[in-house]
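The structure under discussion appears below in the form of structure tokens.
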Amino acid sequence: MEWEGPMAETSKTKRAVASVTDQEALDFHARGRPGKLEITPTKPMATQRDLSLAYSPGVAAPVKAIAEDPSRAYDYTSRGNMVAVISNGTAILGLGNLGALASKPVMEGKSVLFKRFADVDSIDLEVDTENVEEFINCVRYLGPSFGGINLEDIKAPDCFIIEQRLRELMDIPVFHDDQHGTAIIAAAGLMNALTLTGRDFKTTKLVCNGAGAAAIACIELIKAMGFNPENVILCDTKGVIYQGREDGMNQWKSAHAVKTDRRSLKEALDGADVFFGLSAKGALTSEMVQSMAPQPIIFAMANPDPEITPEEVARIRDDAIVATGRSDYPNQVNNVLGFPYIFRGALDVRATTINDAMKIAAAEALANLAKEDVPDDVAAAYQGNRPRFGSQYIIPVPFDPRLISAIPVAVAQAAMETGVARRPLLDLDAYARELKARRDPIASTLQNIYARVRRHPKRVVFAEGEEEQMMRAAVSYANQQLGTAILVGREDRMRETAARAGIDLDRPGIALLNARISKRNDAYTDYLYARIQRKGYLFRDAQRLINNDRNHFAACMVALGDADAMVTGLTRNYSTALEDVRRCIDPKPGHRIIGASLALCRGRTVLVADTAVHDMPSAEELADIAEEAAGLARKLGYEPRVAMLAYSTFGNPSGERSERVREAVKILDKRRVDFEYDGEMAADVALNPKIMEQYPFCRLSGPGNVLVMPAFHSAAISTKMLQELGGSTVIGPLLVGLDKSVQIVSMGAKDSDIVNMAALAAYNAGV
């Protein structure tokens, strides 16, 4: 086994991407501004001078420069970082031909992935024609607008013709991801599977079932990498594609016809080393798997259901390496591992095309990455089950932050070596460093947290269980297989609200609990009374709190181990909810309770503290807040650089409030803490490295990523301004310092916010 945990556990792991209801998906796409994309200016547009520079008369200068030298378009416009995602909707995901307009949500999603994973700007274009020539002519004349074209969801064989013709007609990369993306990721996994089983490209026998765009691209790529064509058999619904066959053939299938007397998939697989499936559920039978060679390699890539599941293979063979297209199994063949980074590399050298050498370089980079030690920020997603190279880990995971610096560099280098790069890069090491800076790996913190919780599901109490938003969040928590969601409330009220809102509370992973009739009522009352009896409370007061107040009941559940974590706050303010919880749960020994917010701001992530608990902290409290915030940052994957903020910077101007911040720094000096910190400093000094350079004595090695605010009001104002004016995503406040895991949401929080906080509560509950 190559996971530090049993294979059986991996197989039984709850679905990583659990069922999403149609209504959830529709709500997601309709919420706020409909769709998933918007256009945001990259230059200031605040003054008349800004407008004059951006448009008339200033725009005339770059226009004339580009007219003189077309390559300057890369210097003066967004072309060099812009990819068009183009489809006619004739082969949408697994849904078939639903038309150009119906494909728009998918194409928007593709554009979002370009931006999210590789910082490539992208726009979707839906071309409303099934005529191949019309489609080609539409796209070819859009060339000046973009640095690359990503074709998507176009039926075969039209996709072959369209891509080939556009590659001939255009001087920018044209890439049909349905074909080549799958091929590149599958090739990477295959390279590693061959290594693990002691095989080589020349002698391995491979059978590919399915003769569509992706399948043909897969076998073309592996042949380009060295596979012996005589050892590759392609099958379709009519059986083996052999020399001389006429039924159901076309020029693309004929190119891969082999001389063989085998006629069915079953016959083809007898003694085969590798199965590539890009066909349909159930196409690969147990009998076929049994007939394959020792240590068979099975890539069952049909979506949404593979040709055979890993569990089915495991019942037949204990020596197989299995990959699928599913994220709920090891070895997912996921195109997002490829296309964003391939275009990133191609754009950065201004490549004229994406050739075989660049595809092979991407596959090799992926394969090599899987062999390296997994970094902590990826390993954290597996909570003690660190993936390592082997049969259960032959392909990197999508949120591996190293992808951005590994694949584009390999692609760019291949482009330069094959002469298709118009802007060679002189220093590839510097390029790799630049790529790392494009995408803060902590931006994937939430995804890693979700993945970790899925591997170790938790029982989370949703205290205000009668509220519709809380119920929706609980259902989403259960749907995503994060664990059991326990809704506290009166069951009749919950079911009445759920029926009215169309929420299904009878699905697995949902539990309903009424405090008044709970068998643990007496135990919770005794526990609470023992804690509050010397604070003016009678036994009946404790009984009333347990019976009638869901925060007290839920907190006692967590305190006594009947649940792992708790989320509340939807119907009462933060301080009131925290007071309720603190009657039941103490601070962690040696720790101070604080609130910290995670702000994701255009590629940067900062932790802001204290945003919930301390109104006007003393110097001692500020020092404690810095330590707690630094500890949370490390837990989330940061190496903390703590900036102690004030309205002044290193004594200018002076004032009583800044003096408290300066004193806090001295306290940290005495404590000899193990993280970077300095202050007092203004926010621009803490966040802008050029301004920070004006203070050479500053002890921070880079911009602060943990900002300790001088008071609660400044923390609250700054985070809300970031959210409303800066378009930032602010998560929190996260409650830190309690002995048990509790998170408190803002009043009126959205269900997605509640789910995030529930996942964070589960994450903090540990294994």
Side-chain angles (χ1 to χ4, degrees), residues 14 18 453 456-529 531 540-572 576-578 580-585 735 738 740-745 749 751 754-755 757-762 764-765:
K14 303 292 195 289
V453 175
H456 299 276
K458 301 298 178 188
R459 303 163 298 167
V460 173
V461 188
F462 292 72
E464 298 148 307
E466 293 180 10
E467 302 299 319
E468 179 181 330
Q469 289 298 89
M470 198 63 80
M471 281 187 267
R472 290 193 183 280
V475 169
S476 179
Y477 182 89
N479 277 353
Q480 296 183 69
Q481 303 298 333
L482 299 172
T484 300
I486 304 169
L487 287 162
V488 176
R490 291 163 292 187
E491 184 170 349
D492 57 341
R493 294 288 183 90
M494 288 190 282
R495 292 198 176 279
E496 180 183 336
T497 301
R500 187 170 58 248
I503 301 170
D504 179 12
L505 296 181
D506 292 321
R507 64 183 62 220
I510 300 288
L512 310 183
L513 188 58
N514 188 328
R516 283 184 175 273
I517 60 176
S518 168
K519 295 178 181 178
R520 296 285 284 160
N521 187 291
D522 290 344
Y524 297 159
T525 300
D526 291 341
Y527 169 78
L528 181 60
Y529 181 57
R531 292 177 58 83
R540 65 173 177 265
D541 296 323
Q543 180 70 71
R544 175 179 51 80
L545 288 172
I546 294 299
N547 281 342
N548 300 328
D549 189 273
R550 289 159 199 152
N551 278 346
H552 287 84
F553 183 87
C556 285
M557 285 184 69
V558 176
L560 294 183
D562 295 330
D564 301 306
M566 165 186 170
V567 62
T568 188
L570 188 63
T571 61
R572 60 189 78 182
T576 300
L578 179 57
D580 294 341
V581 170
R582 291 194 65 176
R583 287 195 188 97
C584 307
I585 301 173
L735 191 57
L738 276 177
K740 299 291 183 179
S741 188
V742 178
Q743 292 298 339
I744 301 173
V745 301
D751 55 354
I754 299 170
V755 175
M757 294 299 272
L760 284 160
N764 288 332

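For clarity, every value in this text was computed on a predicted model and none was experimentally measured.
Here the CG atom belonging to Asp541 is positioned 11.5 Å from the OG1 atom belonging to Thr525, to the nearest 0.5 angstrom. For the atom pair Asp751 CG and Glu467 CD, the distance stands at 13.0 Å (nearest 0.5 Å). Atom CE of Met494 sits about 11.5 Å away from atom CD1 of Ile503, to the nearest 0.5 Å. To the nearest 0.5 angstrom, Leu513 atom CG is 5.5 Å from Met557 atom CE. The structure places CD of Glu491 at 9.0 Å from CG of Leu505, a figure rounded to the nearest 0.5 Å. With values rounded to the nearest 0.5 angstrom, Lys740 atom NZ is found 14.0 Å from Met566 atom CE.
The backbone N or O of Glu466 lies less than 3.5 Å from no partner atom in the side chain of Arg550, so there is not a single donor-acceptor pair. Side chain of Tyr529 to backbone of Gln543: no donor-acceptor contact under 3.5 angstrom is found. A donor-acceptor contact shorter than 3.5 Å is absent between the side chain of Arg583 and the backbone of Leu528. Without hydrogens or angle criteria, Ser476 side chain to Arg472 main chain gives no donor-acceptor distance under 3.5 Å. Asn764 contributes no side-chain N or O that, together with a main-chain N or O of Val742, makes up a donor-acceptor pair within less than 3.5 Å. At distances below 3.5 Å, at least one donor-acceptor pair connects side-chain atoms of Tyr527 with backbone N or O atoms of Cys584.
In this structure, Ile585 and Leu738 approach most closely via the heavy-atom pair O-CD2, 3.8 Å. Closest non-hydrogen pair, Pro508 versus Ala478, comes out as O-CB, 3.8 Å. Residues Ile546 and Cys556 approach most closely at CD1-SG, 3.7 Å, considering heavy atoms. The minimum heavy-atom distance between Ile754 and Leu570, with the atom names listed, is CD1-CD1, 4.0 Å. Here the shortest heavy-atom pairing between Asp506 and Asp504 reads N-OD1, 2.9 Å. The heavy-atom pair separating Leu487 from Gly465 by the smallest distance is CD2-CA, 3.7 Å.
Of the candidates Leu578, Ile744, Thr576, Asp580, Asp580 is the only one forming a side-chain contact (heavy atoms from CB on, under 4.5 Å) with Asn551. The one candidate from Asn547, Asn521, Asn548 that meets the side chain to side chain donor-acceptor pair (under 3.5 Å) condition with Arg516 is Asn548.
Contact of the Val567 side chain with the Glu464 side chain is not registered, since no non-hydrogen atoms from C-beta on lie closer than 4.5 Å.
Surrounding CZ of Arg531 are more than 12 heavy atoms belonging to other residues, nucleotides or ligands, all under 6.0 Å away.
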